[in-house]
**Student:** 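Take this structure, written in structure tokens, and hold onto it; I'll ask about it next.
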Protein chains: 2
Amino acid sequence: MQEFTGDELSSRKAEFLKYIHMQGNVVKTTEIAAHFSVAPSTATKALGEIAKAGYIEHTPYHGVKMTTLGTDYARFLIRRHRIVALVLSRYGLEPDEACREAKKIEQCISRDLTNRMCMSLGHPMMSGCGEIEHDHCCCCPAGDRQG
Amino acid sequence: MQEFTGDELSSRKAEFLKYIHMQGNVVKTTEIAAHFSVAPSTATKALGEIAKAGYIEHTPYHGVKMTTLGTDYARFLIRRHRIVALVLSRYGLEPDEACREAKKIEQCISRDLTNRMCMSLGHPMMSGCGEIEHDHCCCCPAGDRQG
DNA sequence: CTAAATTTTAGACTCTTACCAAATCCGAAA
DNA sequence: TTTCGGATTTGGTAAGAGTCTAAAATTTAG
């Protein structure tokens, strides 16, 4: 597993990457632009930069596809999001609120802090946003996991 | 109490404001520049913008002083910082780590979320960074406060 | 095979943070 | 009181991130 810090991509690009990952397969520029309500050229530029960093493969005029590195990173980003949302839900936020607030906060949470919160929560399997993966979680011997 | 959202100043300017508040009285440009390790001109520019927004009074060549608005805002910023640090400390971070991480996160935490965390924690009086003020806290009837 | 739709390129703008160099101001020493 | 020197401000420049419009390029559908 790569040693991501959580800082590799700007928060905007990280959102793009998560979206591409969650779509699976090839995603078109227009689809991303529409989803994030930005001009297609804005998406193209961001995609080019994400590709240059190695997280996606961009075939001009044909769309983008996750690389192995990108997939690993996206899984970390999603895990982080869900852990942050879960933390927030412990302070009385409803699942959708927790998810919304988590989106604003997560980019400031390092991988290390993510892991520590995960550990402190007993390696939870679920958050309001979905399942939390622990496959590559350095801090999670299987025996520790919560049912 | 003003209806701050927590978004009024960029995080850098908010750090400047907190510093000025904590110094009390008039603070000189050089002192701020030195504290944050930036060129004096960088401080001057930021100070001018913070002043334009009404949080400080800037007398050119003589330094800056908090306004009432700025004081209220700084107190909110400090309260937010301490609440965030307290939350982090509940996930196993030592006080100094919690404080360091809180600095990175707090600017993404809205006033509303701050208040909800505060409430959920039972309106705590202390965090590892110092006392938590509740004077102007909309969510804190005196009876709710934790000893 | 051409026209419409999609995508990319190019150029420009905003915002935040930052720096340097030059001009300006203030105060203290003489 | 005059002047020198340190403190401060001004003005210009830069980089990174995100955004847009308009025009060019490519793909695709009729």
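Chain letters run A, B, ... following the sequence lines, proteins first and then strands; every chain starts at 1. The structure presented is a predicted model; accordingly, all values stated were derived computationally and were not measured.
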**Student:** By nearest atom, which of the nucleotides D:dT9, D:dT27, C:dA12 is closest to the A:Tyr61 side chain?
**Tutor:**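 Within the option list, the nearest is D:dT27.
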**Student:** Look at the side chain of A:Lys45 against the base of D:dT19 and say whether a donor-acceptor pair falls under 3.5 Å; ignore hydrogens and angles.
**Tutor:**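 Result: at least one qualifying N/O pair found.
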**Student:** Without decimals, in angstroms, what is the distance between B:Lys52 NZ and C:dC15 C1'?
**Tutor:**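 Interatomic distance, NZ of B:Lys52 to C1' of C:dC15: 12 Å.
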**Student:** Provide, to the nearest angstrom, the distance between the CD atom belonging to A:Glu49 and the C1' atom belonging to C:dT9.
**Tutor:**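 After rounding, the reported distance stands at 14 Å.
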**Student:** Out of C:dG11, C:dC19, C:dT9, which has the shortest distance to the side chain of A:Thr44?
**Tutor:**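 Side chain of A:Thr44 sits closest to C:dT9.
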**Student:** Could you give the CD1-to-P distance, from B:Ile32 to D:dA7, as a whole number of Å?
**Tutor:**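 Computing the B:Ile32:CD1 to D:dA7:P distance gives 15 Å.
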**Student:** Base, sugar-phosphate, or nothing: which does B:Ser10 touch, judged by heavy atoms less than 4.0 Å apart?
**Tutor:**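 Sugar-phosphate contact only.
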**Student:** Between B:Glu106 and B:Lys18 (salt bridge meaning N to carboxylate O under 4.0 Å), is one present in this structure?
**Tutor:**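 B:Lys18 and B:Glu106: salt-bridged.
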**Student:** For the CZ atom of B:Arg111 and the SG atom of B:Cys118, what is their distance to the nearest 0.5 Å?
**Tutor:**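 Going from CZ on B:Arg111 over to SG on B:Cys118, the span is 11.0 Å.
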**Student:** Within the structure shown, what part of the strands sits under 4.0 Å from B:Pro60 by heavy-atom distance: base, sugar-phosphate, or nothing?
**Tutor:**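 Since only primed, P, OP1 and OP2 atoms lie under 4.0 Å of B:Pro60, the category is sugar-phosphate.
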**Student:** Would you call B:Lys104 and B:Glu101 a salt bridge, taking side-chain N to carboxylate O under 4.0 Å as the test?
**Tutor:**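 So B:Lys104 pairs with B:Glu101 through a salt bridge.
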**Student:** Which part of the nucleic acid, if any, lies within contact of A:Lys13, taking any heavy atom under 4.0 Å across all strands shown: a base, the sugar-phosphate backbone alone, or nothing?
**Tutor:**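 Here A:Lys13 touches the backbone only, sparing every base.
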**Student:** Take the protein atom CG of A:Leu9 and the nucleotide atom P of D:dG16, then report the distance between them rounded to whole Å.
**Tutor:**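 Distance check: A:Leu9 CG to D:dG16 P gives 16 Å.
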**Student:** Specify the separation, in whole Å, of atom CD of A:Glu31 and atom C1' of C:dT6.
**Tutor:**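 So the CD-C1' distance, A:Glu31 to C:dT6, works out to 13 Å.
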**Student:** What's the CZ-P distance between A:Arg12 and D:dG18, to the nearest Å?
**Tutor:**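 In whole Å, D:dG18 P lies 8 Å from A:Arg12 CZ.
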**Student:** Is B:Thr29 near enough to D:dT9 that one of its side-chain N or O atoms lies under 4.0 angstrom from OP1 or OP2?
**Tutor:**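 True: B:Thr29 side-chain N/O within range (under 4.0 Å) of D:dT9 OP1/OP2.
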**Student:** Take atom CZ of B:Phe36 and atom P of C:dC19, then tell me their distance rounded to the nearest Å.
**Tutor:**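 Answer to the nearest Å: 13 Å.
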**Student:** Return the 5'-most residue of the pair A:His62, A:Thr42 with respect to DNA chain D, ranking by each residue's nearest nucleotide.
**Tutor:**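 Closest to the 5' end, via its nearest nucleotide, is A:Thr42.
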**Student:** With A:Val64, which of A:Thr29, A:Thr59, A:Ile32 fulfils side-chain contact (heavy atoms from CB on, under 4.5 Å)?
**Tutor:**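 When A:Thr29, A:Thr59, A:Ile32 are each tested with A:Val64, the side-chain contact (heavy atoms from CB on, under 4.5 Å) holds only for A:Ile32.
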**Student:** With sugar-phosphate meaning primed atoms plus P, OP1 and OP2, does A:Ala39 contact a base, only sugar-phosphate, or nothing at under 4.0 Å between heavy atoms?
**Tutor:**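 A:Ala39: base contact, heavy atoms under 4.0 Å.
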**Student:** If I take atom CG in residue B:Leu47 and atom C1' in nucleotide C:dT17, what distance separates them, rounded to the nearest angstrom?
**Tutor:**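 So the CG-C1' distance, B:Leu47 to C:dT17, works out to 14 Å.
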**Student:** Between B:Phe76 and B:Phe4, what is the ring plane arrangement, given parallel below 30°, perpendicular above 60°, and tilted in between?
**Tutor:**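 The arrangement is parallel - the two ring planes meet at less than 30°.
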